[in-house]
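The structure appears right after this line, and notes come after that.
Fair warning: this is a prediction, and the values are worked out from it, not measured in the lab.
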Amino acid sequence: MSIESILTMEKVYARQEGWDKGRVEGKEEGRVEGRDEAREETARALIEDARQNHKNVADLLATLKVIFKDQAYIDKMLAKYYYQ
């Protein structure tokens, strides 16, 4: 086997490895984005329901804290959907 053949094979393997790695990273990124979108949709639905049905804000906050546990995220969602 010539040196040119070996180098060509190495390039092919390296390219395939890069494509495989890119696919895995893309799938992982897609899962995270989908999870974030679902999380925000849940928060939005709860907040809009509370606003439309004139529910107690303290009850809404308690529910959001049980589900999300992240006060900064809760504050961000309230600012975005409740205090409009």
Side-chain angles (χ1 to χ4, degrees):
M1 185 178 278
S2 70
I3 190 94
E4 291 85 15
S5 297
I6 294 171
L7 291 173
T8 301
M9 286 176 50
E10 284 185 20
K11 286 179 186 177
V12 170
Y13 289 135
R15 185 176 299 128
Q16 183 63 46
E17 186 178 306
W19 284 337
D20 292 343
K21 183 179 178 185
R23 274 192 220 111
V24 168
E25 289 174 359
K27 286 180 184 178
E28 289 173 357
E29 185 176 308
R31 279 189 223 120
V32 169
E33 288 175 7
R35 197 174 330 135
D36 290 344
E37 290 171 6
R39 186 176 188 211
E40 183 167 341
E41 181 61 28
T42 301
R44 185 195 59 75
L46 287 168
I47 292 167
E48 286 184 0
D49 177 63
R51 283 184 67 205
Q52 291 174 357
N53 296 313
H54 306 288
K55 293 182 180 177
N56 187 333
V57 176
D59 292 339
L60 172 62
L61 286 172
T63 302
L64 293 172
K65 284 180 183 179
V66 168
I67 295 171
F68 299 108
K69 297 176 181 51
D70 179 3
Q71 189 61 48
Y73 183 76
I74 293 169
D75 293 342
K76 177 181 170 184
M77 292 298 103
L78 287 171
K80 188 171 184 177
Y81 296 112
Y82 190 82
Y83 303 112
Q84 300 178 16

Applying a strict under-4.5 Å side-chain criterion to I, L, V, M, F, W and Y, I'd like to know whether Y83 and I74 cluster together. yes
Measuring from L64:CG to Q71:CD, what's the distance to the nearest 0.5 Å? 9.0 Å
Given 3.5 Å as the limit, does a donor-acceptor pair link the side chain of Y73 with the main chain of E40, or not? yes
If you compare all heavy atoms of Y81 against all heavy atoms of R51, which two are closest, and at what distance to 0.1 Å? O-NH1, 3.2 Å
Cationic N near anionic O, under 4.0 Å, R44 to E48: yes
Can you confirm whether L46 sits close enough to T42 that some side-chain heavy atom of one is under 4.5 Å from a side-chain heavy atom of the other? yes
Mind checking side-chain contact (heavy atoms from CB on, under 4.5 Å) for N53 and listing every partner two or more places apart, or none if nothing turns up? D49, K55
Just how far is it from atom NZ of K65 to atom CG of L60, taken to the nearest 0.5 Å? 10.5 Å
On a heavy-atom basis, which atom in R39 and which in D70 lie closest, and how many Å separate them? NH2-CB, 4.0 Å
Just verifying a value: how many Å separate F68 CZ and D75 CG, rounded to the nearest 0.5 Å? 12.5 Å
